[in-house]
Asker: 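The structure's right below; bear with me while I get my questions together.
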Amino acid sequence: MRAIVHAGALAAGSARMLRAAAGLERRGHAVLWHGAAATRETAGNGRAAHGGGGAGADTARGPLRADVVIGSSRSPLRTAWLGWKAGAHCMVLALEAERVRRWGPIERLACHSLYTAALAEPAERDALRAHSGGLELERIGLWSDEPPPPEPDPAHPDTEWLERACERAIARHRGRAPRPAVFLDRDGTLVVERGYLSDPDDIELLPGVAQSLRRLQAAGYPVVVVSNQSGVGRGLFPESRVHDAMARLRMGLRARGVELEAVYFCPHRPDAGCACRKPGIALLERAADDLQLALRRSAMVGDKLLDVQTGHHAGALGLLVRTGYGRSEEQQIGGEANGPKPDAVCDDLPAAVEWILERGEAGEA
Ligand SMILES: [Mg+2]
């Protein structure tokens, strides 16, 4: 996702949102800062992509474009203006109940000019229920009870909350009809299998991956990564390392013209009994809710039979690729009477994408 942060508005009253936005940047999203000086002091790792020139500035690479603009309830009109200039259709605001109570028609109009969502302190919930400034209550999320991080942290709940708020707003603005998606395993499917990969420098795209993802995007399929990362639960590396590696993947794909719709991963050990580890489908269900996806018309592609099972458990197609562990997994097909049987076994991701596109809309009606 591409986001503009109205840092000037946030520096005065919402360092929490500012740090969460910097966390988004650490997660590999394209974050552009308006008000560079304030950002550098407050967020820690901010950078102004356009020298503080502001949204809408023409650059050698063309006018600035963004999907979402991030600001605060202190100046929604100026934040919305930044969004309009950049072609953003969505706005996410840090709300302060006292500010919202004093909003007039201009501020309310600014919020209605874009699809606006918001985040607020848990202690302000009741006050915002009484005076929401015209915002639908279901669009107002609450920060977690955890204190904000002392510096930008991609693994902190605030970063997660903001990422989800932005992605949900973007998906809802697109329309109400659920869309079919392609869910992709990461290791051994998109990138070379390394065994508990945690070093971003080890992220290496498999041949043809970027081109095949561009084809999926051009055909209208949102591309969503769903990954088991039990190395976190096993204590091999902290969760922040997964975010760093995912950020490298996001940025590498963006440089090749691919924007991942979202990234989800399970950090738990296999014996933790969680619902999010594949072949559990909690992450697919979360993605379906966040991004308005139609699971039964979607497909899951991976290099393990548990990826195939995940797809089938969700009512979607399940495809196995022969990269990563795929060849040895293929030997196990049919070994158990009720074992997973892929809808297709393909040499690699480009071949799987070809199969999906030829078939048309995936899954059952
Ligand atoms: Mg894999």
Side-chain angles (χ1 to χ4, degrees), residues 181-210 212-213 216 223-234 236-237 239 241-250 252-253 258 260-272 274-284 286-287 298-314 316-333 335 339-353 355-356:
V182 176
F183 295 96
L184 298 166
D185 169 54
R186 189 189 76 182
D187 301 336
T189 304
L190 289 172
V191 305
V192 174
E193 170 64 52
R194 307 275 192 198
Y196 298 115
L197 184 158
S198 70
D199 185 343
D201 289 342
D202 285 341
I203 287 279
E204 181 186 348
L205 288 177
L206 285 161
V209 160
S212 58
L213 297 188
L216 277 181
V223 175
V224 180
V225 173
V226 179
S227 180
N228 283 349
Q229 293 294 325
S230 68
V232 177
R234 295 173 200 268
L236 300 177
F237 44 82
E239 195 167 323
R241 295 287 281 186
V242 184
H243 289 292
D244 291 343
M246 292 296 190
R248 189 69 64 90
L249 175 64
R250 269 188 192 283
L253 286 173
V258 178
L260 294 177
E261 190 90 355
V263 168
Y264 298 86
F265 66 87
C266 164
H268 306 117
R269 294 170 57 99
D271 57 4
C274 67
C276 53
R277 180 177 167 83
K278 296 179 288 186
I281 61 167
L283 294 181
L284 273 67
R286 214 166 97 197
S298 297
M300 169 94 216
V301 184
D303 69 322
K304 288 188 177 173
L305 288 173
L306 68 77
D307 294 306
V308 172
Q309 267 180 311
T310 308
H312 289 171
H313 287 166
L317 295 171
L319 282 74
L320 183 72
V321 288
R322 296 192 178 97
T323 47
Y325 293 109
R327 286 192 186 280
S328 61
E329 292 276 308
E330 188 180 8
Q331 307 300 318
Q332 297 168 38
I333 297 173
K341 293 187 176 55
D343 294 285
V345 182
C346 305
D347 279 346
D348 52 16
L349 185 68
V353 166
W355 189 92
I356 291 168

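By convention here, the first residue in the shown sequence is residue 1. Every number for a ligand or one of its atoms is a count from 1 in the order of the listing. Fair warning: this is a prediction, and the values are worked out from it, not measured in the lab.
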Asker: Listed by chain and number, what are the side-chain contact (heavy atoms from CB on, under 4.5 Å) partners of D271, not counting sequence neighbours?
Answerer: R269
Asker: Run through the protein N/O/S atoms less than 2.8 Å from the Mg ion (ligand 1) and write them out by chain and number.
Answerer: D185 OD2, D187 O, D303 OD1
Asker: Could you grab the distance from atom CG of L320 to atom CG of D343, nearest 0.5 Å is fine?
Answerer: 11.0 Å
Asker: Between D303 (side chain only) and Y325 (backbone N and O only), is there a donor and an acceptor less than 3.5 Å apart?
Answerer: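 The answer is yes, because a donor-acceptor pair under 3.5 Å joins these two groups.
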Asker: How about R248 and D201: do any of their side-chain heavy atoms sit closer than 4.5 Å?
Answerer: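 Touching, per the 4.5 Å side-chain cut-off.
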Asker: For residues 187-197, pull every pair meeting salt bridge (Lys or Arg N to Asp or Glu O under 4.0 Å), keeping only residues two or more places apart or in separate chains.
Answerer: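 Pairs touching residues 187-197 that pass the test: R194-E204.
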Asker: side-chain contact (heavy atoms from CB on, under 4.5 Å) with P270: which residues, sequence neighbours excluded?
Answerer: S230, R234, R277
